[in-house]
Protein chains: 2
Amino acid sequence: MANIHDIARVAGVSAATVSRVLNGHPYVSDEKRQAVLDAADQLHYEKNINAVHLARGKTETIGVILPFVSHPYFGIILSGIASAAEKNGYKLMIVQTNYNVMQEMDALDMLKLKQVDGLIITSRECPIELVEDYSEYGRIVLCEALSGNLLSSVFVNQYEAFKSALSFLKEKGKTNIGYTTLRMEGKSSSARKKAYEEQFGEMRRHWVFDQALTIEDGTRIAGEWAALHDRPDAMVITNDFVAVGFLLECRRIGFSVPGDVSVVGFDNHPISSALNMTTVELPLQQLGEIAFQQVISVEISHMEVPFRLIKRGSA
Amino acid sequence: MANIHDIARVAGVSAATVSRVLNGHPYVSDEKRQAVLDAADQLHYEKNINAVHLARGKTETIGVILPFVSHPYFGIILSGIASAAEKNGYKLMIVQTNYNVMQEMDALDMLKLKQVDGLIITSRECPIELVEDYSEYGRIVLCEALSGNLLSSVFVNQYEAFKSALSFLKEKGKTNIGYTTLRMEGKSSSARKKAYEEQFGEMRRHWVFDQALTIEDGTRIAGEWAALHDRPDAMVITNDFVAVGFLLECRRIGFSVPGDVSVVGFDNHPISSALNMTTVELPLQQLGEIAFQQVISVEISHMEVPFRLIKRGSA
DNA sequence: GTGAAAGCGCTAACAT
DNA sequence: ATGTTAGCGCTTTCAC
């Protein structure tokens with residue numbers, strides 16, 4: 001493996017000049033430049049990026065924490081991040097955490113170890129204070145509503161988005177509305193609770209279904225819903241995949257959607273359109289792109305992305 | 001930023017001993033070990049992983065090339081890779097290529113630059129010879145049928161899998177069978193053609209639908225199918241998402257599935273179960289895990305993973 | 001314009 | 001057990 005010094009020797013110049021040529025710096029004579037290029041070629045020179053990273057003190061790499069890479073919600077955010085990263089010449093390091101705090105810490109450590117210049121956390125399990133402790137090592141962006149001047153954030157207004165779904169259902173004459181959450185204790189969960197209780201008063205606990213992330217969760221929840229003596233006549237559901245599972249299972253066991261129960265999903269994933277399902281569109285791709293811009297920015301910022309209720313046939 | 005030498009000075013030992021302690025090597029006295037640990041603590045020492053990478057000549061990082069991170073097919077493979085990587089203490093660098101050769105080259109270069117120790121290519125656009133040229137820089141694993149001793153591979157037997165779907169449809173009395181492909185010129189495309197023609201003779205060009213990757217593609221193809229004067233009475237479809245788009249659109253425009261057209265998908269994604277769709281199960285998560293094992297292995301190997309026809313209501 | 005030289009921070013072979 | 005020393009390969013300041 002030839003290195004920069006080998007080239008310098010062969011080209012009859014110094015290592016510094018080789019570095020200049022290789023990095024396209026000005027102030028190198030054409031003859032020397034050509035000599036360096038020829039030598040590099042002749043020696044089959046390949047740059048060692050780790051040496052560059054060490055010498056420069058940065059890696060042009062961003063870490064991305066996500067609980068599940070194969071879930072469309074995170075997949076689409078990741079896709080947005082990836083396309084922005086590519087445009088800006090950055091590489092991406094991903095850590096799939098399964099909401100495991102140990103793995104989240106592992107990812108945070110990449111920042112401390114200078115393996116990545118910045119970190120995007122699409123969702124987390126660990127306490128925010130812990131994340132803040134890492135802000136001194138590089139820019140961190142969270143995909144959740146946040147303020148403060150330690151971390152950047154990009155998010156959908158969960159409260160308003162949820163409220164818009166509720167208002168729509170109310171207009172349609174629905175008053176017994178249930179909903180699902182990913183995790184009961186989560187932040188967006190309390191935003192939903194607040195929006196709900198403002199419109200309908202105290203929530204009935206058994207109308208809130210927890211652990212709703214996948215199609216299978218939706219299927220399961222449909223069964224739980226059907227078993228209720230006082231079934232909600234409408235459901236606002238975490239995301240389109242859960243909603244699909246719910247809707248199809250309801251129909252399978254003999255209920256009508258929206259006759260017996262209206263369904264509103266979130267994301268506007270293509271599947272919702274294929275199933276003619278009402279949903280709240282979230283610009284997830286764009287959210288990912290914004291997150292990337294924030295992570296390479298020197299400034300800390302908090303950005304809200306818009307949502308949009310898309311009325312289709314399930315509500 | 002304190003470094004190993006600062007610690008050595010404070011602890012009254014050499015840098016080498018500090019390195020030993022930090023890396024858990026044996027043969028360090030307890031007193032010195034403690035002194036080093038204390039000093040590290042006191043100086044808020046953080047290791048610089050780039051220096052480690054440079055000195056060691058490797059990075060414990062694997063690159064993953066995938067055309068689209070948000071497509072469930074690739075997402076699930078990635079998930080398998082990610083979980084295996086985590087278990088083995090490796091990090092993952094991902095490159096979303098959109099089947100763009102430039103970006104594929106970019107990813108291949110990570111290997112050359114020693115940014116990653118190995119590379120997993122889930123799908124590619126660039127010629128195999130080009131990939132082979134990079135095999136000297138580190139282990140490369142492709143997720144496609146392959147032989148030779150330059151690259152490893154893990155794959156489903158496309159020919160047999162497709163054949164099993166065809167045979168099943170034939171048993172059901174279907175003889176006018178069409179199918180979809182991701183890309184006409186692709187390798188799996190020719191495997192399908194071969195399997196098809198062995199059972200049914202010469203293919204009719206207009207019964208093969210190209211560019212089938214997403215739900216929307218399925219929707220579009222349903223329209224094309226419906227417009228045909230000699231419509232196939234069965235379709236074998238690239239993956240469950242395309243199949244979902246196809247199936248739902250067929251029903252929406254007034255056809256019956258499987259009455260007017262049988263549908264068989266691939267992957268056995270949860271969506272196929274929710275829609276009671278017949279599909280050929282592919283163990284994609286496992287495929288990802290195997291790919292990871294291969295990429296960190298010193299040996300080159302070629303592994304075939306099993307498939308399984310799952311009979312449901314769409315065929 | 002160009003080169004010398006001092007790092008960047010850590011590892012590991014060798015010596016003791 | 002511990003230290004010395006020579007890198008790993010590139011960047012960048014400073015001097016000429």
Side-chain angles (χ1 to χ4, degrees), chain A residues 1-40 43-61 109-117 137-138, chain B residues 1-40 43-61 109-117 137-138:
Chain A
M1 283 292 107
N3 66 25
I4 212 177
H5 296 105
D6 299 329
I7 297 181
R9 191 163 25 73
V10 171
V13 302
S14 73
T17 294
V18 176
S19 177
R20 289 188 186 102
V21 172
L22 263 25
N23 290 291
H25 289 193
Y27 304 130
V28 180
S29 69
D30 283 351
E31 312 90 87
K32 301 229 172 191
R33 176 180 306 280
Q34 200 51 54
V36 167
L37 260 20
D38 289 346
L43 297 172
H44 303 297
Y45 170 74
E46 307 297 352
K47 177 178 280 199
N48 182 323
I49 201 75
N50 296 307
V52 177
H53 290 339
L54 175 59
R56 283 216 234 264
K58 49 199 174 81
T59 60
E60 315 275 272
T61 299
D109 280 335
M110 298 195 310
L111 199 56
K112 193 190 273 187
L113 300 174
K114 299 193 190 310
Q115 189 159 24
V116 298
D117 297 344
Y137 301 114
Chain B
M1 282 293 105
N3 66 24
I4 212 176
H5 296 105
D6 299 329
I7 298 180
R9 192 164 23 74
V10 171
V13 300
S14 74
T17 294
V18 176
S19 177
R20 289 189 185 101
V21 172
L22 264 24
N23 291 291
H25 289 193
Y27 304 130
V28 180
S29 69
D30 284 349
E31 312 90 86
K32 300 228 173 192
R33 177 180 305 282
Q34 200 50 54
V36 167
L37 260 20
D38 289 346
L43 296 172
H44 302 298
Y45 170 75
E46 308 297 351
K47 178 179 278 199
N48 184 324
I49 201 74
N50 297 307
V52 177
H53 290 338
L54 175 59
R56 282 216 234 264
K58 49 200 175 78
T59 59
E60 314 277 88
T61 300
D109 280 336
M110 298 195 310
L111 200 56
K112 192 189 272 186
L113 300 174
K114 300 193 189 311
Q115 188 158 25
V116 298
D117 296 344
Y137 302 115

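Keep in mind that this is a model prediction, so the values were computed, not measured. Below, chain A is the first sequence line, B the second, and so on; all start at residue 1.
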(request) May I ask you to say what B/Val18 touches in the nucleic acid, namely base, sugar-phosphate or nothing, with a heavy-atom cut-off under 4.0 Å? (result) nothing
(message) side chain to side chain contact (heavy atoms under 4.5 Å, CB included) for B/Val21 and B/Leu37? Distances and angles first, verdict last.
(response) CA-CA 8 Å; B/Val21 172; B/Leu37 260 20; 3.4 Å; yes
(request) Could you tell me which non-hydrogen atom of B/Asp117 sits nearest to which non-hydrogen atom of B/Thr59, and how far apart they are? (result) OD1-N, 2.9 Å
(message) Rounding to an integer number of Å, can you tell me how far B/Glu31 CD sits from D/dT2 C1'?
(response) 12 Å
(message) C/dG3, OP1 or OP2 - any side-chain N/O from A/Thr17 closer than 4.0 Å?
(response) yes
(request) For A/Gln115 and C/dG9, give me the distance from atom CD to atom C1', rounded to whole Å. (result) 15 Å
(message) Looking at every heavy atom in both B/Leu111 and B/Gly138, which two are closest together, and how far apart are they?
(response) CD2-O, 3.9 Å
(request) Calculate the interatomic distance between B/Leu113 atom CG and D/dC8 atom C1'; express it in whole Å. (result) 16 Å
(message) Using only atom types and a distance under 3.5 Å, with no angle test, would you say the side chain of B/Asn3 pairs donor to acceptor with the backbone of B/Asp6?
(response) yes
Can you give each donor-acceptor pair under 3.5 Å made by side-chain atoms of residues 49-57 of chain A, sequence neighbours left out, with the distance rounded to 0.1 Å?
from, atom 1, to, atom 2, distance (Å)
A/Asn50, ND2, B/Lys114, O, 2.9
A/His53, ND1, A/Lys58, O, 3.2

(request) Could you tell me the separation between the NE2 atom of A/His53 and the C1' atom of D/dT12, rounded to a whole number of Å? (result) 18 Å
Report each atom pair, protein N/O against N/O of nucleotides 9-11 of chain D, whose distance is under 3.5 angstrom.
from, atom 1, to, atom 2, distance (Å)
D/dC10, OP1, A/Tyr45, OH, 2.3
D/dC10, OP1, A/Asn48, N, 3.4
D/dC10, OP2, A/Ile4, N, 2.7
D/dT11, OP1, A/Asn23, OD1, 3.4
D/dT11, OP1, A/Asn23, ND2, 3.3
D/dT11, OP2, A/Ser19, OG, 2.9
D/dT11, OP2, A/Asn23, ND2, 3.2

(message) Is a donor from one side chain sitting under 3.5 angstrom from an acceptor on the other, for A/Asp38 and A/Gln34?
(response) yes
